[in-house]
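A short write-up of the structure that comes next.
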Amino acid sequence: MPSARRPAIDSRSEPRAVRWTLIAIGLAFVSLFIVLPLVTVFTEALRQGVGAYLAALTEPDARAAIGLTLTVAAIAVPLNLVFGVVAAWAIAKFEFRGRSLLITLIDLPFSVSPVISGLIYVLLFGLQGWLGPFLSEAGFKVIFAIPGIVLATIFVTFPFVARELIPLMQEQGTDEEEAALVLGASGWQTFRRVTLPNIRWGLLYGVLLCNARAMGEFGAVSVVSGHIRGLTNTMPLHVEILYNEYNFVASFAVASLLALLALVTLTAKAVIEWQTGAGLRRQGH
Amino acid sequence: MQPRSASTVLLDRAPWLAHDYARRLENDREGFASGARGEALVLTRAPDPIGALEPDRAAPSARRTLSWRPRSIIPGFGLTLGITLAWLGLIVLIPLVALFARAASLDASQFLDAVTSDRVLAALRLSFGASLAAALTNAVFGSLLAWVLVRYSFPGRRLVDALVDVPFALPTAVAGISLTALYAENGWLGAPLAALGIKVAFTPLGVFVALVFIGLPFVVRTIEPVLQDLPAEIEEAAACLGASRWQTIVRVIVPSLFPALATGVALAFARAVGEYGSVIFIAGNLPMVSEIAPLLIVIKLEEYAYGEATAVASVMLLISFVMLLAINLLQRWSRRHLERS
């Protein structure tokens, strides 16, 4: 129960003036650092009117970038979804040695700079890399091509689903699954009928976050993509190219789509939290 | 029954017994209760002639060692752990090992030259300096914001609470160009600041602004739950014992928030050090002045100087692993702190 809803107790509160000063400082900080940048994206995008905005979004390179971003997310997110559920099952439903080490390793991509996340794949699959010469002989291109972008995206979104599910499933324990198994359900039935309904909101939340990051990733993808217009340019990279060409309106137009995606993600998050009674609310990452 | 339970209580009191401690952490409610009981009993603790304090003899059931292969009727352990390890190895571990192997294959003087050149040192200094400054700024404003959001009610509180997550969700490139437009000399904030003689965009100050933006939610989201769970009683008790509100805050609230605050700051710092997308637009990227370390890696890669790129990357990676370790320890500390309070 958030204490804000309790009637104010004198010993736990400050004088009115102090309260409102603190609120004012907090609001000023949020407007300065969060609201203004968000508003800027849309005002800059619409600076030359709706016509220029739509033209920037329907131009072939922009359409190719949008298509590529959707494709990459459509590959990376389901893979990490399956991995996240599988990893959470192993970690949350069983107690075994090395479990906390495993959790740390799953979290590892969060503490690696996006640039380094791209670099490691260049070192593996690039022409100067370990597997590069072999792969190029086989006629298979990873770096400066779509497979590299997918790999880098999987890396940076690796922990999202798993780390959302692990604490949730640990909290729920194993009683319900054990009951189902004792009553004769198979392992798969137990997962589908018992576990999955219990974790559905957490799972949805993890997938949303994973998707937002997959579509918005910039640093890692930038290192492996080669920036070939119309071919290996994702939306964030297209934003960068247009911006560096001083084509600000087009750049902000593409950026505004990504900002909308972020707002949709946050709204969905708020709805999920409301659905689950803020049960999902935990520290960020 | 009596001596047996007393010995268990004494066992729970003995924090130097590592396994017992681990069990307490694991089973926190039970551990908390018995710990509290033990606290009361500690004065009556007597020498123990029959060796009941010896954990193995007194209470073998208290020790629960974990095995490599758990016993459980739940199926799928081998399969799920196998898939997890295989996927983790393929996507994360092998590529990371490849980076370190590559760095190790450089000879030592090459490596040192790459890492200690003036340009690299300047970039590392800027990355770490600006990240630290941003994390500390967020420590102040992030705690203030968390306090306001948890403790006060005001119109739009829920909206502001949701907005705090924007830096998590907004793609970094979008944040980067938007902050640049705001702080450029003709921007909404850049113009008035330029009139005051302050240049933000295309200077190290711009790097700092971008890193504050990126780090804010880490601090707020780490402190909020702790602040919510802080029992009202301790503040009331402090007030009843005659502490002023200010004393209560400084002596009671801040110490109980401190582990969470430190964790949040460390998370924000770690994220800021590696940040790329939101910084490169606003930084101006002047070598030796406003060039961050991740950008330097990209530049080296574009020059096909793979060795140098790898050397800088491995140094940064090592530092972030140390940070990760520190954050893990901080989180453990903060959890323990919560259980005790």
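Order of the sequence lines sets the chain letters (A, B, ...), proteins ahead of strands, with each chain counted from 1.
- At a 4.5 Å heavy-atom cutoff, the contact between B:Val209 and chain A is made by backbone and side-chain atoms alike.
- For the set A:Leu237, A:Leu258, A:Leu261, A:Val122, the entry with the most heavy-atom pairs within less than 4.5 Å of chain B is A:Leu258.
- Neither the backbone nor the side chain of B:Ile223 comes within less than 4.5 Å of any heavy atom in chain A.
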CA sep, side-chain torsions, deciding dist, call: A:Phe96, B:Leu81, side chain to side chain contact (heavy atoms under 4.5 Å, CB included): CA-CA 10 Å; A:Phe96 55 94; B:Leu81 188 68; 3.8 Å; yes
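- To the nearest 0.5 Å, the span separating CG on A:Leu108 from CZ on B:Phe321 amounts to 4.5 Å.
- The two residues A:Ile116 and B:Ala313 come nearest to each other via the heavy atoms CD1-O, 3.6 Å.
- With a 4.5 Å cut-off on non-hydrogen atoms, A:Ser222 touches chain B through its side chain but not through its backbone.
- Between A:Glu240 and B:Ile280 there is a side-chain heavy-atom pair separated by less than 4.5 Å.
- For A:Phe158, the part lying under 4.5 angstrom from a heavy atom of chain B is the side chain only.
- Interatomic distance, A:Glu178 CD to B:Ile73 CD1, rounded to the nearest 0.5 Å: 5.0 Å.
- For A:Thr43, the part sitting under 4.5 Å from any heavy atom of chain B is the side chain, from C-beta outward, and nothing else.
- In terms of heavy-atom pairs under 4.5 angstrom with chain A, the leader among B:Leu79, B:Val273, B:Thr310, B:Ile253 is B:Thr310.
- A 4.5 Å side-chain heavy-atom check between B:Trp87 and A:Ile154 finds at least one atom pair inside the cut-off.
- Options B:Gly176, B:Ala181, B:Ala238, B:Gly264 differ in how many heavy-atom pairs under 4.5 Å they form with chain A, and the most are formed by B:Ala181.
- Comparing B:Leu88, B:Thr172, B:Val298 by heavy-atom pairs within less than 4.5 Å of chain A, the highest count is held by B:Leu88.
- Using a 4.5 Å heavy-atom threshold, the side chains of B:Ile177 and A:Ser251 count as touching.
- Of the two parts of B:Pro167, only the side chain, counted from C-beta on, holds a non-hydrogen atom closer than 4.5 Å to a non-hydrogen atom of chain A.
- Of all heavy-atom pairs between A:Trp20 and B:Pro155, the closest is CH2-CD, 4.5 Å.
- Between A:Pro109 and B:Val92, the closest side-chain pair of non-hydrogen atoms falls below 4.5 Å.
- Ranked by heavy-atom pairs under 4.5 Å with chain B, the first of A:Leu105, A:Val35, A:Val18, A:Val223 is A:Leu105.
- One distance of note links OG1 of A:Thr265 with CG of B:Asp165; it measures 11.0 Å at 0.5 Å rounding.
- Ranked by heavy-atom pairs shorter than 4.5 Å toward chain B, the options A:Gly84, A:Gly26, A:Pro37 are led by A:Pro37.
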Stepwise side chain to side chain contact (heavy atoms under 4.5 Å, CB included) check, B:Leu189 with A:Leu32: CA-CA 9 Å; B:Leu189 295 172; A:Leu32 201 63; 3.9 Å; yes
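- Contact tally against chain A (heavy-atom pairs below 4.5 Å) for B:Ile297, B:Leu145, B:Leu163: the top residue is B:Leu163.
- Ring planes of A:Phe218 and B:Phe281: tilted class, angle from 30 to 60°.
- The most heavy-atom pairs under 4.5 Å with chain B, out of A:Val254, A:Leu181, A:Val41, A:Leu208, come from A:Leu181.
- Taking all atoms of both residues into account, the shortest heavy-atom contact from A:Ile23 to B:Tyr152 is CG1-CD1, 3.6 Å.
- Here the closest heavy-atom approach between residue B:Ser178 and residue A:Leu38 is recorded as OG-N, 4.5 Å.
- For a residue to count as touching a neighbouring chain, one of its non-hydrogen atoms must lie under 4.5 Å from one of that chain's; by this rule B:Trp188 touches chain A with the side chain only.
- For B:Leu93, the part lying near chain A is the side chain, with the backbone staying farther off; criterion is any non-hydrogen pair under 4.5 Å.
- Of all the listed residues (A:Ser117, A:Gly216, A:Ala259, A:Ala90), the one sharing the greatest number of non-hydrogen pairs under 4.5 Å with chain B is A:Ala90.
- Heavy-atom minimum distance, B:Gly274 versus A:Ser113: O-OG, 2.7 Å.
- One distance of note links CG of A:Leu119 with CG of B:Leu301; it measures 5.0 Å at 0.5 Å rounding.
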Chi angles and distances behind the side chain to side chain contact (heavy atoms under 4.5 Å, CB included) call for B:Phe154, A:Leu27: CA-CA 11 Å; B:Phe154 54 93; A:Leu27 288 182; 4.0 Å; yes
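- Taking chain A as the reference chain and counting heavy-atom pairs below 4.5 Å, the highest number among B:Phe213, B:Tyr276, B:Phe77 is found for B:Phe77.
- Interatomic distance, CZ of B:Arg151 versus CD of A:Glu14, reported as 7.5 Å (0.5 Å rounding).
- Between chain B and the residues A:Val85, A:Thr40, A:Leu79, the largest count of heavy-atom pairs under 4.5 Å involves A:Thr40.
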Check against side chain to side chain contact (heavy atoms under 4.5 Å, CB included), A:Phe83 and B:Ile91: CA-CA 11 Å; A:Phe83 165 77; B:Ile91 297 289; over 6 Å; no
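- For A:Phe29, the ring-ring contact (aromatic ring centres under 6.0 Å, His included) partners are A:Phe33, B:Phe141, not counting sequence neighbours.
- There is no contact between A:Ala270 and chain B, counting heavy-atom distances below 4.5 Å.
- For chain A, the option among B:Val212, B:Leu85, B:Ile83, B:Leu179 with the highest count of heavy-atom pairs below 4.5 Å is B:Val212.
- Contact of A:Val115 with chain B is made through the side chain alone, with heavy-atom distances under 4.5 Å.
- Distance check, rounded to the nearest 0.5 Å: OG1 of B:Thr180 to CD of A:Glu44 gives 10.5 Å.
- For A:Thr234, the side chain to side chain donor-acceptor pair (under 3.5 Å) test picks out no residue, with sequence neighbours left out.
- Contact of A:Leu22 with chain B is made through backbone and side chain together, with heavy-atom distances under 4.5 Å.
- The nearest pair of heavy atoms linking A:Gly187 to B:Pro75 is CA-CG, 3.6 Å.
- No side-chain heavy atom of B:Thr84 sits less than 4.5 Å from a side-chain heavy atom of A:Trp89.
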